[in-house]
Amino acid sequence: MASVDTRQRKVEVDDSNAKASISFSPNEKRGNSAELKGDSSKREDSKGHFTLRRKPVTFIDRLWKAPVLRQVWGVEQQSEKIDWFELFYDLIYVAMAINLSTFLSKNNNGEGILESLLFYAMLFNAWSALTMFVSRFSSVDIYSTVLQFFYSAAVVGMSIDVLEGLKRRGPFSVKAALYRMCLVLFYLQVAICIPRAFYFGV
């Protein structure tokens, strides 16, 4: 529980569930006042005290939440911390590099080199596409988490198929189509929630 004293009133904030932003303007012409921002409810008692409590988060809020635009034109940028999914995703590509080098060591001829380049181009595209998305947008809802799971599972499957070369081109193509579909669904959420991101190309 945090409290702030103004000239005439005392505002109390209940931080047990979530944070809320509060701004004070004690020098306004109409007298001392407090502006309470956020999805919250406020209550004033007989002593002129405010109590602010954030509304509880529902399952719908956790299921679908608008992505956050990491970079906004004209606004000072802040450094972002690497989350667990990005670290896990990088480990997948470490395994992919090992499998691809193993395949190339067993097929060190012209055909093997061409197949290795083809697989590398597909896997590099999968890596760069998702890296571009997470660099622009931050998503923390269940919808995005499920898409991340299937996206990474598709890339893991593609990395395994690399060991057998074009003999596994059918399953490899199915997994490639799966990660592309997940990418489309990622951007579909952005198009619904942040349409200006496409207008300005950010």
Side-chain angles (χ1 to χ4, degrees), residues 59-73 77 79-202:
F59 175 75
I60 300 299
D61 297 330
R62 298 181 184 274
L63 180 64
W64 178 278
K65 185 177 181 180
V68 176
L69 188 60
R70 293 181 184 269
Q71 301 176 4
V72 180
W73 184 265
Q77 300 181 13
S79 58
E80 296 286 344
K81 295 182 179 180
I82 300 177
D83 61 15
W84 66 268
F85 177 71
E86 294 180 55
L87 296 174
F88 174 73
Y89 194 62
D90 290 340
L91 291 177
I92 294 175
Y93 278 88
V94 173
M96 178 274 294
I98 295 174
N99 288 351
L100 192 59
S101 60
T102 300
F103 171 79
L104 187 58
S105 65
K106 295 180 180 179
N107 302 272
N108 53 356
N109 50 31
E111 183 179 354
I113 293 174
L114 289 176
E115 290 184 21
S116 299
L117 289 175
L118 176 62
F119 288 132
Y120 178 77
M122 292 291 293
L123 289 165
F124 177 79
N125 179 264
W127 172 82
S128 62
L130 189 61
T131 300
M132 180 65 70
F133 180 84
V134 298
S135 298
R136 299 169 64 192
F137 309 102
S138 175
S139 303
V140 293
D141 56 356
I142 297 176
Y143 174 85
S144 299
T145 302
V146 171
L147 290 181
Q148 289 174 353
F149 172 81
F150 283 105
Y151 194 104
S152 58
V155 175
V156 168
M158 292 167 65
S159 301
I160 295 174
D161 292 337
V162 165
L163 290 171
E164 299 186 26
L166 292 179
K167 295 178 182 179
R168 298 280 299 176
R169 60 182 179 273
F172 184 90
S173 300
V174 171
K175 298 177 182 82
L178 175 61
Y179 94 76
R180 295 299 296 182
M181 183 180 68
C182 292
L183 190 64
V184 169
L185 293 176
F186 274 126
Y187 279 102
L188 178 62
Q189 185 184 36
V190 172
I192 295 174
C193 301
I194 320 177
R196 68 189 181 92
F198 288 89
Y199 297 145
F200 294 97
V202 295

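Positions are given from 1, in the same order as the sequence printed here. This one's a predicted model, so the numbers in the text were calculated from it and none came from an experiment.
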- Residues forming a side chain to side chain donor-acceptor pair (under 3.5 Å) with Tyr179, sequence neighbours excluded: Asn125

- Task: Could I get the full list of salt bridge (Lys or Arg N to Asp or Glu O under 4.0 Å) partners for Lys175, not counting sequence neighbours?
- Result: Asp161

- Residues which pass side chain to side chain donor-acceptor pair (under 3.5 Å) with Asp90, listed by chain and number, not counting sequence neighbours: none

- For Ala126 and Tyr151, which heavy atoms make the closest approach, and how far apart are they? O-OH, 2.6 Å

- Exercise: identify the closest heavy-atom pair between Pro67 and Ile194: O-CD1, 3.1 Å

- Item | Residue list, side chain to side chain donor-acceptor pair (under 3.5 Å) with Asp141, at least two apart or on another chain | Ser144, Gln189

- Residue pair Val140, Lys65: steps toward the side chain to side chain contact (heavy atoms under 4.5 Å, CB included) verdict: CA-CA 7 Å; Val140 293; Lys65 185 177 181 180; 4.1 Å; yes

- Any idea which heavy atoms bring Leu104 and Ser116 closest together, and the distance? CD1-OG, 3.4 Å

- If you look only at pairs with a residue in residues 100-119, which of them pass as a ring-ring contact (aromatic ring centres under 6.0 Å, His included), with sequence neighbours excluded? Phe119-Phe172

- Query: Just how far is it from atom CZ of Phe137 to atom CE of Met132, taken to the nearest 0.5 Å?
  - Reply: 10.5 Å

- First locate atom CG of Leu147, then atom OG1 of Thr145, and finally report the distance between them rounded to the nearest 0.5 Å. 9.0 Å

- Item | Validation row: Arg180, Leu183 side chains within 4.5 angstrom (heavy atoms) | yes

- Just wondering, are more than 12 heavy atoms of other shown residues or ligands nearer than 6.0 Å to OH in Tyr120? no

- Note on the structure: For Ala176 and Met122 the tightest heavy-atom approach is CB-CE, 3.7 Å

- Which heavy atom of Ser159 sits nearest a heavy atom of Leu123, and at what distance? OG-CD2, 4.2 Å

- Message: Parallel, tilted or perpendicular, judged at 30° and 60°: which one describes the rings of Tyr89 and Tyr93?
- Response: perpendicular

- Of all pairs that satisfy salt bridge (Lys or Arg N to Asp or Glu O under 4.0 Å), the ones with a partner from residues 92-103, not counting sequence neighbours: none

